[in-house]
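A short write-up of the structure that comes next.
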There are 2 protein chains.
Amino acid sequence: MRSQGIAEDELFSFLLSVKENDRRYRHVLSSMCTLPHPVAVRAMNLFIESNLGDPGLFEGTASLEALLVERLGALMHLPEACGYATSGGTESNLQALRMARREAGVRSPNVVVPESAHFSFEKACEILSLEMRVAPSDDMYRMDAEAAADLTDKNTISLVGVAGTTEYGVVDPIAALAEIASDHGTAFHVDAAFGGLVLPFLPESPLFDFQLEGVTSISIDPHKMGMSTIPVGCLLTRDPSMLCSLNVDTPYLTVKQEFTLAGTRSGGAVAGALAVIEHLGRDGFTAVVAECMANHRRLISGMAALGYPVIAEPKVNVAAFDCPLSPEGWQVSHTRHGHMRIVCMPHITTTIIEEFLKDIGDMHV
Amino acid sequence: MRSQGIAEDELFSFLLSVKENDRRYRHVLSSMCTLPHPVAVRAMNLFIESNLGDPGLFEGTASLEALLVERLGALMHLPEACGYATSGGTESNLQALRMARREAGVRSPNVVVPESAHFSFEKACEILSLEMRVAPSDDMYRMDAEAAADLTDKNTISLVGVAGTTEYGVVDPIAALAEIASDHGTAFHVDAAFGGLVLPFLPESPLFDFQLEGVTSISIDPHKMGMSTIPVGCLLTRDPSMLCSLNVDTPYLTVKQEFTLAGTRSGGAVAGALAVIEHLGRDGFTAVVAECMANHRRLISGMAALGYPVIAEPKVNVAAFDCPLSPEGWQVSHTRHGHMRIVCMPHITTTIIEEFLKDIGDMHV
């Protein structure tokens, strides 16, 4: 640490110069985060000092968290769902498996996850000492439900399915998996960190939420398609007892127990997430998602016209292509199978997609 | 979710009314968080959209994180320490034990923690399936080093000591514990989440950091005495290989592996934490800490004069008293042993302490 501090002006000149090295989102086609909505930023600043780790001090913010859970629960067709605001999908997924492990109480627990599962499940299984059984994908990059059933046994504490996969934007056969889970009396966690704020706003989408009896918990991330400030994810559970099974005593706080992973938690980010939901409503989200999907479809048709067909028919605004090009100035990413992967987030406009297609077309020639 | 969203004006009237139910910090004597410093808020907003979970997109913010780790490492007397910005002390402590578990690779791992350890260690041990062995405190509420030695065996993957305990503000015998850890060839994690940004700025304080050879990792939280916006903690390790042992592959990101717990991470909070450190420097922090400690000492002498002596002689600005009163309008908290506990954070001024002492005195009469 310097002995003498530097003046605020000088400090912010430095920070501004450093910020030049951050990518602007404009040409970023690889991210599941986006520019936060202005009401998220404003609400976050209003609650900037709030710590949800000590909710008795911040009863107002705590009521916003309860409302956020209620809104997202209702969106997942279970308004009475329990839950809390996590730091994001990784914490939600880890906590879901932690609950399931405690509930099952078996000696050599395993989890059945799809090949396409986010790498957070690898972390979670390592941390929780769970055997991770990977079910292969079908030819559309969705979890093979039959294979999942074969991998499930009396030591399986949870199945995992993804609604809107990170790599191909597809939805695993959630209904079939929910039945398998019910048959085995095991938990079933749906990772809808991305798709949870896309699928409900589409004219047509497969069932993936609490409407399916076997679904016991869901991850859904406001800081992805919810356009909130980082960090705010949400873990929802069907049964309050699942969450409460994680309670530890919390001496010297205003509440006596907590089931969250983190202690200190940002109240501002939670206020921001709720603000976007209240401000946009279902109609507003439907409009945002419709625009993302229109750009996504234009991208798919444009790429097809250039000879790069989409790999799997996605259900959400993530698409992968068999395209070996690396267009300069654009940030795209690649799946584990080497396919070019593009996410049409709200910061990606039609103009940007046309520019991108032109650049790809120029390389192609 | 409502079908139609609500207008921004109406939304913010609602949020402002909700905020009335949050406590203002003024009379909060129980929190280890405080009002964030204005430069933290400004820097956080400048980097509001930055996601450190994808550091190749945000190379500028990633360089700020590296600088934050370097500054805190230097403060802990190891400028080359490795580390990263966590969501807070709980994640730091969990990750420290996760590293230690992996490093040790024993079949029935245990951890030796002080009786006074923060409840995050209970969470971490449950999550990581570690046997938690609790060493009793001496009569000054510090970990009994001899008892810790007795509890340590070949299955002990880590010892834990606290530099600035949450309840009594004391420092465990870190030097003695470091030797025990060295003798057993085990990891030794120091939880300095609170004290790490207090002790280095005091005229005199016990050794607790990387100067002691046996210390292998340290938690230190900018969002406590670092006056940063939530969430930003920091985990520091002596040895880079410890952190890297946690790496998992991260397909479709701009980096190929990550050792963090969370995926998406707030770049804004990290910029805010660094901004305070750069702006205040050692001199600025020394002044802030001096004021907190002056208020803390005034509180202790004032309480003693009223017949409520401090329970243990604290090293940092946390004090516990044998006082059964519950003064109205003040938020104090209580330790597991039922002692009144008060933290003199930067938002607590001399005037506030005098007011509090007067109120206690009035009840006393």
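The chains referred to below are lettered A, B, ... by the order of the sequence lines, with proteins before strands, and numbering in each begins at 1.
Note: B:L72 CG to B:I277 CD1 = 4.5 Å, rounded to the nearest 0.5 Å.
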* To do: Using the side-chain contact (heavy atoms from CB on, under 4.5 Å) rule, take A:V270 and A:F47 through it: C-alpha gap first, then chi angles, then the decisive distance, then the call.
  => CA-CA 9 Å; A:V270 168; A:F47 289 84; over 6 Å; no
* To do: Please assess B:R71 against B:L274 for the test side-chain contact (heavy atoms from CB on, under 4.5 Å), listing each intermediate value before the final yes or no.
  => CA-CA 8 Å; B:R71 293 283 191 251; B:L274 181 70; 4.2 Å; yes
* Would B:H118 and B:S120 count as a side-chain hydrogen bond (donor to acceptor under 3.5 Å, both in side chains) if you check the C-alpha gap in whole Å, the side-chain angles of each, and the deciding distance to 0.1 Å? -> CA-CA 5 Å; B:H118 185 261; B:S120 57; 2.9 Å; yes
* Decide yes or no on side-chain contact (heavy atoms from CB on, under 4.5 Å) for B:I127 and B:L94, but give the supporting numbers first. => CA-CA 8 Å; B:I127 290 170; B:L94 175 92; 4.0 Å; yes
* Please assess A:L52 against A:E65 for the test side-chain contact (heavy atoms from CB on, under 4.5 Å), listing each intermediate value before the final yes or no. => CA-CA 9 Å; A:L52 281 168; A:E65 181 175 23; 3.8 Å; yes
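Cation-pi contact between B:R341 and B:Y168: absent, since separation from the ring centre below 6.0 Å together with deviation from the ring axis within 45° is not met. A cation-pi arrangement is absent between B:R23 and A:F58, since the terminal nitrogen or guanidinium carbon is not both under 6.0 Å from the aromatic centre and inside a 45° cone about the axis.
The shortest non-hydrogen separation linking A:P346 to A:V288 is CG-CG1, 4.0 Å. Heavy atoms only, all atoms of each residue included: A:L261 and A:Q95 are closest at N-NE2, 3.4 Å. Residues A:A7 and B:H279 come closest through the heavy atom pair C-ND1, 4.0 Å. Summarising the geometry of B:V255 relative to B:G56, their closest heavy-atom pair is CG1-N, 4.5 Å, with the distance given to 0.1 Å.
With a threshold of 4.5 angstrom between heavy atoms, A:S266 approaches chain B through its backbone and through its side chain. Residue contact with chain A, scored on non-hydrogen atoms closer than 4.5 Å, is absent for B:E10. No part of A:R24 comes within reach of chain B, as not one of its non-hydrogen atoms sits under 4.5 angstrom from that chain. The part of A:D249 that comes within reach of chain B is its backbone (N, CA, C, O), which places non-hydrogen atoms under 4.5 angstrom from that chain. When heavy atoms are compared at a cutoff of 4.5 Å, A:H334 approaches chain B solely by way of its backbone atoms N, CA, C and O. Contacts between A:T254 and chain B at a heavy-atom distance below 4.5 Å involve the side chain alone, from C-beta outward. Heavy atoms of B:T250 lying under 4.5 Å from chain A belong to its backbone as well as its side chain. Heavy atoms of A:L97 lying under 4.5 Å from chain B are absent altogether. Contact of A:T166 with chain B is made through the side chain alone, with heavy-atom distances under 4.5 Å. Proximity to chain B is absent for every atom of A:S228, based on heavy atoms less than 4.5 angstrom apart. Heavy-atom distances place the side chain of A:V28, and not its backbone, under 4.5 Å from chain B. The contact between A:F201 and chain B is made entirely by side chain atoms (from C-beta outward), counting heavy-atom distances below 4.5 Å. Contact of A:H223 with chain B is made through the side chain alone, with heavy-atom distances under 4.5 Å. Of the two parts of A:A124, neither the backbone nor the side chain holds a non-hydrogen atom closer than 4.5 Å to a non-hydrogen atom of chain B. Contact annotation for A:A74: only side-chain heavy atoms (C-beta onward) come within less than 4.5 Å of a heavy atom of chain B. Of the atoms belonging to A:R2, heavy atoms from both backbone and side chain fall under 4.5 Å from chain B.
Interface summary for chain B: among A:E20, A:M32, A:E91, A:E167, the most heavy-atom pairs under 4.5 angstrom belong to A:E167. Chain A forms more heavy-atom pairs under 4.5 Å with one residue of B:L246, B:L57, B:L128, B:D54 than with any other, namely B:L57. Between chain A and the options B:L64, B:D221, B:T229, B:T286, heavy-atom pairs under 4.5 Å are most frequent for B:L64. The candidate from A:R102, A:Q331, A:R98 with the greatest count of non-hydrogen atom pairs under 4.5 Å with chain B is A:R98. Counting heavy-atom pairs closer than 4.5 Å to chain B, the top-ranked of the candidates A:L46, A:L67, A:L35 is A:L46. Ranking B:R336, B:K123, B:E59 against chain A, the residue ahead of the rest is B:K123, based on heavy-atom pairs under 4.5 Å. Contacts with chain B were tallied for A:E70, A:K224, A:M44; A:M44 has the most, counting heavy-atom pairs under 4.5 Å. In terms of heavy-atom pairs under 4.5 angstrom with chain B, the leader among A:G284, A:G88, A:A275 is A:A275. Heavy-atom pairs under 4.5 Å with chain B were tallied for A:T61, A:N21, A:D22; the largest tally goes to A:D22. Between chain A and the options B:R42, B:R282, B:E258, heavy-atom pairs under 4.5 Å are most frequent for B:R42. When the candidates B:V41, B:V39, B:L253 are compared by the number of heavy-atom contacts under 4.5 Å with chain A, B:V39 comes out ahead.
Between A:R101 and B:E126, at least one side-chain nitrogen of the basic residue sits less than 4.0 Å from a carboxylate oxygen of the acidic one, meeting the salt-bridge criterion.
Side chain to side chain, A:R265 and B:T90 fail the donor-acceptor criterion of an N or O pair below 3.5 Å.
Aromatic ring pairs are classed by plane angle as parallel below 30°, tilted from 30° to 60° and perpendicular above 60°; the pair A:H347 and A:Y25 is tilted.
Side-chain contact check for B:T86 versus B:S92: some heavy-atom pair is nearer than 4.5 Å.
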